[in-house]
Amino acid sequence: MSTLPFDVRNVRWNTIDGLDHVAYHICAVDETKRIVDILFKFDANAKIALHRHKADYITLVLQGELRIYRADSTLKEIRPVGSYVTGRADGEPHTEGGGDQDVIAFFSNRNVDNLVYEILDDGLNTVATFGMAEFKALFEAQQPQASTLVAS
């Protein structure tokens, strides 16, 4: 079932070569508070790379439905628009993606010690990592978001 579209006119999506079916917009990287906040857009009817969260997180689904799959590709959970879910670091490896429409979800990664995500191969071996340093570099490299603030 389609949901109302989330207005992304002022969001500049970015991608990373080799990570298919996902775009991101980093909202904030706060090393002092140990938080990395990201908007993700997952393609409809597709799955992103197998991964494991290495930091506690909060998700809020803003458009579509977020489908979570176990490492063996079986469907584990469907989170409809408006779902607010908290999760702990070092949970079950999984993949995720959109239902019949692209899904947009806000991820707030908390208590980041170093790593935020481990990207895994089919044998659950770590093939890449993304931590505070990588997200800080991606944040600094992304195009600034358009401002709607009016100077006083």
Open item on the list: Is any side-chain heavy atom of Lys47 closer than 4.5 Å to one of Ser73?
Closed with: yes
Task: Atom pair CD (Glu77) and CZ (Arg70), whose distance is rounded to the nearest 0.5 Å - done: 9.5 Å
Open item on the list: Would you say Ile26 ends up clustered with Tyr57 if hydrophobic residues are merged whenever their side chains have heavy atoms under 4.5 Å apart, either directly or through other cluster members?
Closed with: no
Open item on the list: My understanding is that only one of Arg110, Arg88, Arg34 makes a side chain to side chain donor-acceptor pair (under 3.5 Å) with Asp56; could you say which?
Closed with: Arg88
Open item on the list: Check Asp7 with Arg9, please: is the shortest side-chain N to carboxylate O separation under 4.0 Å?
Closed with: yes
Task: Co-membership, hydrophobic cluster, residues Val22 and Ile16, 4.5 Å side-chain - done: yes
Open item on the list: Do Val103 and Thr3 make a side-chain contact, defined as non-hydrogen atoms from C-beta onward lying under 4.5 Å apart?
Closed with: no
Task: Closest non-hydrogen atom pair between Arg67 and Gly98, with its separation - done: CD-O, 4.1 Å
Task: Closest contact, heavy atoms only, Asp102 versus Ala44 - done: OD1-N, 2.9 Å
- [ ] Indicate the atoms forming the closest heavy-atom contact of Leu50 with Ala71, along with that distance.
- [x] CD1-CA, 3.8 Å
TODO: Determine whether Val11 and Ile104 make a side-chain contact, defined as any pair of heavy atoms from C-beta on separated by less than 4.5 Å.
DONE: no
Open item on the list: To the nearest 0.5 Å, what is the distance between CD1 on Ile38 and CG on Leu138?
Closed with: 8.5 Å
TODO: Specify whether Phe107 and His53 have parallel, tilted or perpendicular ring planes, treating 30° as the upper limit for parallel and 60° as the lower limit for perpendicular.
DONE: parallel
Task: Salt bridge present between Glu31 and Lys136 (N-O < 4.0 angstrom) - done: yes
TODO: Find the distance between CG (Leu115) and CZ (Phe135) and round it off to the nearest 0.5 Å.
DONE: 10.0 Å
- [ ] Return yes when atom CG of Asp122 has more than 12 non-hydrogen atoms of other residues, nucleotides or ligands closer than 6.0 Å, and no otherwise.
- [x] no
TODO: Give the other cluster members for Tyr69, using side-chain heavy-atom distances under 4.5 Å between Ile, Leu, Val, Met, Phe, Trp and Tyr residues; answer none if it is isolated.
DONE: Leu75, Ile78
- [ ] Would you mind reporting whether Phe130 and Leu19 have side-chain heavy atoms less than 4.5 Å apart?
- [x] yes
Task: Gln142 vs Tyr24 side-chain heavy atoms within contact, under 4.5 Å - done: yes
Open item on the list: So, taking the atom named CD1 in Ile119 and the one named CG in Asp121, what distance separates them when rounded to the nearest 0.5 Å?
Closed with: 11.5 Å
TODO: Give the minimum heavy-atom separation between Thr129 and Glu118, together with the two atoms involved.
DONE: CG2-CG, 4.2 Å
Task: Chi angles and distances behind the side chain to side chain contact (heavy atoms under 4.5 Å, CB included) call for His51, Glu96 - done: CA-CA 9 Å; His51 63 280; Glu96 50 205 307; 2.8 Å; yes
Task: Connected via hydrophobic side-chain network under 4.5 Å: Phe42 and Val85 - done: no
Task: Main-chain N/O of Trp13 paired to His25 side chain as donor or acceptor, under 3.5 Å - done: no
Task: Side chain Asp20, main chain Gly18, donor-acceptor under 3.5 Å - done: no
Task: Under 3.5 Å donor-acceptor, Glu134 side chain and Gly131 backbone - done: yes
Task: Side chain to side chain, Cys27 and Leu39, heavy atoms closer than 4.5 Å - done: yes
- [ ] Determine, using the 4.5 Å side-chain heavy-atom cutoff (strictly less than), whether Ile58 and Leu62 are members of one ILVMFWY cluster.
- [x] yes
Open item on the list: Measuring only between side-chain heavy atoms, which start at C-beta, is Phe106 closer than 4.5 Å to Tyr84?
Closed with: no
Open item on the list: Applying a strict under-4.5 Å side-chain criterion to I, L, V, M, F, W and Y, I'd like to know whether Met132 and Val116 cluster together.
Closed with: yes
Open item on the list: Out of the candidates Asn125, Thr95, Thr126, only one should pair with Leu120 under the side chain to side chain contact (heavy atoms under 4.5 Å, CB included) rule; please name it.
Closed with: Thr126
Task: Rounded distance (nearest 0.5 Å) linking atom CG of Asn109 with atom NZ of Lys54 - done: 13.0 Å
Open item on the list: Between Val81 and Glu65, is there a side-chain heavy-atom distance shorter than 4.5 Å?
Closed with: no
Open item on the list: Test your reading of the model: is there a side-chain donor-acceptor pair from Asp43 to the backbone of Ala46, 3.5 Å cut-off?
Closed with: no
Task: Interatomic distance, Leu60 atom CG to Arg79 atom CZ [nearest 0.5 angstrom] - done: 11.0 Å
Task: Least distance between heavy atoms, His94 atom then Glu92 atom - done: ND1-O, 3.0 Å
Open item on the list: Quick check: closest heavy atoms across Ser108 and Ile35, and the distance to 0.1 Å?
Closed with: OG-CG2, 4.0 Å
